[in-house]
Amino acid sequence: MSIWKYANPAQFMRTTDGLLPWLVGAAAICCTAGVVWGFLTPDDFRQGSTVKIVFLHVPAAMMAINIWVMMLIASLIWIIRRHHVSALAAKAAAPIGAVMTLIALATGAIWGQPMWGTWWEWDPRLTSFLILFLFYVGYIALWSAVEDPDSAADLTGVLCLVGSVFALLSRYAVLFWNQGLHQGASLSVQSGERMSHVYRYPLYLAMLGFFLLFLALLLIRTRTEIRRRRLAALQAREMRA
Amino acid sequence: MIALLLRDLRLATRAGGGFGLGVAFFLILSALVPFGVGPDRATLAPVAPGILWVGALLACLLSLDRLFALDHEDGSLDLLATAPLPLEGTVAIKALAHWITTGLPLVLAAPLFGVLLQLPGQAMPWLVVSLAVGTPALSMLGAFGAALTVGLRRGGLLLSLLVLPLYIPTLIFGAEITRRGAEGQATATPLLFLAGITLGVLALIPWAAAAALRVNLR
Amino acid sequence: MSLLSVHDLAVARGGLRTVEGVTFALEAGQALILRGPNGLGKTTLLRAVAGLQAPVAGRIEMREDTVAYAAHADGLKPALTASENLAFWAQVFGGGGIDRALAAMDLTALAHRPAAALSAGQKRRLGLARLMVTARPIWVLDEPTVSLDTASVGRFAQMLAGHMAQGGAALIATHIDLGLPQARVLDLTPYRARPGTRATRPSGFNEAFA
Amino acid sequence: MIDLGRYATTVLMAYGVSIALIVGLVWQTVAANARARRALEEHDRHG
């Protein structure tokens with residue numbers, strides 16, 4: 001049996017039905033533990049207690065990008081192999097990605113406030129996330145605007161492909177536009193500087209927690225979409241008959 | 001292909017075609033900005049490159065929702081899709097017609113609006129060059145957005161939402177060329193980037209737009 | 001080889017198959033009239049033959065660029081005159097003979113009037129005259145006689161007969177009698193898709209999830 | 001209670017906003033799922 005059997009809606013529902021409680025539990029535990037542990041870490045000698053924001057900002061930012069990549073892969077699977085669940089999974093993932101981007105943006109802006117003295121700074125990283133957010137919003141808007149599900153899946157798939165190229169392009173354009181005057185303290189954690197164990201392990205745990213949270217939400221939302229589609233399909237069939 | 005281009009140009013210039021609306025919009029924008037930020041040369045000159053580029057972007061958006069929608073409504077799009085022309089070619093030609101009726105007038109009129117916004121004289125050639133290199137990409141990306149939203153009843157707002165993020169790289173490099181031109185710096189790097197983006201867009205986007213059109217036609 | 005042959009065709013609208021198992025062939029000089037109740041999928045079938053949408057199953061065999069399609073919308077630009085509209089489509093399709101086409105649908109007197117000033121029936125006639133300038137052998141027509149008066153229907157039947165005499169063929173969905181004795185009639189009702197039968201590949205979301 | 005020092009508002013605001021967003025997303029997800037499930041069950045009963 002190939003992995004494609006899970007692309008069958010009924011099979012997907014059966015499999016996730018058993019998997020979901022475990023996933024939800026694991027996500028809840030890891031998320032809570034990671035974030036609480038992060039909140040309890042000692043202050044950084046340079047950044048003071050603001051270092052605690054890392055445990056939200058970094059996992060959210062990581063997921064914001066990863067979810068777009070996942071949507072790109074799901075869209076490609078839909079376009080190439082025509083697996084309907086794949087298209088619905090891409091649709092289900094978008095709002096999660098948008099919220100993750102929003103968290104990354106909000107925590108980034110709040111974190112920067114004491115450093116930069118302003119609530120918003122056109123820092124290349126923050127700007128890139130703002131652009132990514134715009135792409136998420138456009139993607140979600142297109143899904144909701146097109147009534148026919150087959151057309152909507154195809155059109156959003158094409159948009160996701162083109163959007164991926166332009167999101168990447170914008171990232172480099174933004175670097176060119178504002179060469180990161182704020183690479184200092186606020187971003188040291190991400191830029192490969194050696195991080196003390198005190199911060200590293202709770203961060204890993206929070207990352208795992210956010211990833212599991214995404215998976216759990218993705219499965220639930222995909223199941224929602226499948227049920228909605230099934231209802232619409234049954235109604236369409238009755239109308240035709 | 002020539003026939004399609006000529007028809008689109010003729011339709012744009014006939015009554016109700018909306019030729020010149022983009023330039024008029026651009027003029028109004030350039031006239032309004034000083035009312036908002038004040039008439040000082042010192043405040044206007046630094047923001048002029050950005051205003052002019054954002055203005056060009058918005059003027060380009062104005063007529064986009066009609067690019068395929070009119071042909072979709074009256075059935076021409078079905079007929080064009082069955083014509084010997086590949087749909088990719090149709091998209092490219094219609095984007096070219098959009099550029100000639102919207103982008104080209106903007107390029108030619110831009111120095112005038114540069115004067116209104118106190119753009120330094122030495123930046124004028126760079127403004128024209130950057131717009132000439134960048135606006136074809138705007139039209140082609142707009143055609144992609146128009147192809148995505150062609151079947152929708154209220155596609156106009158969605159079109160802006162989808163297309164404007166795609167304009168970001170073009171805007172960044174285009175405005176940067178003009179800004180560097182105004183400050184007398186070297187403009188080669190952003191100009192090359194801008195040209196690269198435009199060429200890439202012109203080469204690849206017709207396929208994406210044609211794919212979207214095919215989906216909307218069935 | 002026939003101009004057009006369709007094997008075991010199934011088409012879908014709104015993600016549900018409408019007709020399936022449709023098989024027919026069209027030779028030069030033949031006309032085939034499709035009949036069936038509203039909503040059966042005649043339009044969808046014609047669009048599939050015209051290449052505007054992919055069939056769910058089956059094959060459509062014909063040479064490339066042989067179909068001229070005419071449906072409810074005539075593809076006319078109101079700002080252009082009747083002859084300009086025709087000339088444009090003649091150029092796009094690489095055909096010619098605008099004057100002949102205008103004469104065939106009795107539009108010569110209206111040639112220089114903008115399409116916006118034509119009545120619904122006149123627009124329809126212009127839309128049908130377009131078929132003649134496409135220089136394509138297979139005409140795929142979806143309710144071609146809508147808003148035509150009796151005289152115009154007769155003129156259109158003449159035009160069709162002339163087209164077939166020159167080795168053309170026509171696939172027509174219509175409810176009225178066109179007065180074409182040589183035309184065959186295919187009733188699509190027996191080909192209605194049955195929802196219960198599982199296709200090897202779902203035609204869309206509505207079939208994949210039902 | 002741990003001492004957050006002079007950045008207390010900043011840190012608490014970041015956590016507050018993030019947790020509010022996540023809770024909102026989870027709530028919306030669960031509510032939509034329940035609604036879809038109910039709608040389908042309703043249909044199965046009457047349809």
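Chain naming here is simple, since letters A, B, ... match the order of the sequence lines and numbering starts at 1 in each. Computed from a predicted model, the values in this text were never measured in an experiment.
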| task | Might you confirm whether atom CZ of Phe193(B) has over 12 heavy atoms from other residues, nucleotides or ligands at distances under 6.0 Å? | result | no

| note | Note: Ala79(C) and Leu11(B) closest approach over all heavy atoms is CB-CD2, 4.0 Å

| note | When every non-hydrogen atom of Ala81(B) is compared with those of Leu52(C), the smallest separation belongs to CB-CD2, 3.6 Å

| What distance do Phe88(C) atom CZ and Leu6(B) atom CG have between them, rounded to the nearest 0.5 Å? | 9.5 Å

| What do the steps show when you test Val92(C) against Arg7(B) for side chain to side chain contact (heavy atoms under 4.5 Å, CB included), and what is the final call? | CA-CA 11 Å; Val92(C) 166; Arg7(B) 182 196 70 152; over 6 Å; no

| Does a side-chain heavy-atom distance below 4.5 Å link Gln91(C) with Ile2(B)? | no

| task | Pick one of side chain, backbone, both or neither for Arg130(C), based on which atoms fall under 4.5 Å of a heavy atom in chain B. | result | side chain

| field | Interatomic spacing from CD in Gln53(C) to CG in Asp78(B) - rounded to 0.5 Å | value | 10.5 Å

| said: Is Leu85(B) close to chain C through its backbone or its side chain, or both, or neither, when contacts mean heavy atoms under 4.5 Å? | reply: neither

| task | Taking all heavy atoms of Pro84(B) and all of Arg136(C), pick out the closest pair and write down the distance. | result | CD-NH2, 3.2 Å

| message | Is the shortest side-chain heavy-atom distance between Trp89(C) and Leu80(B) below 4.5 Å? | response | yes

| request: Write out, in numerical order, the residues from residues 112-125 of chain C with a heavy atom short of 4.5 Å from a heavy atom in chain B. | output: none

| query | Hey, which residues of residues 209-218 of chain B are touching chain C, say heavy atoms under 4.5 Å apart? | reply | Leu217(B), Arg218(B)

| task | Indicate the atoms forming the closest heavy-atom contact of Ala50(C) with Thr82(B), along with that distance. | result | O-CG2, 3.5 Å

| message | How long is the straight-line distance from NZ of Lys77(C) back to CZ of Arg10(B), given to the nearest 0.5 Å? | response | 13.0 Å

| query | What option among Leu80(C), Val67(C), Thr134(C), Asp74(C) has the most heavy-atom pairs under 4.5 Å with chain B? | reply | Leu80(C)

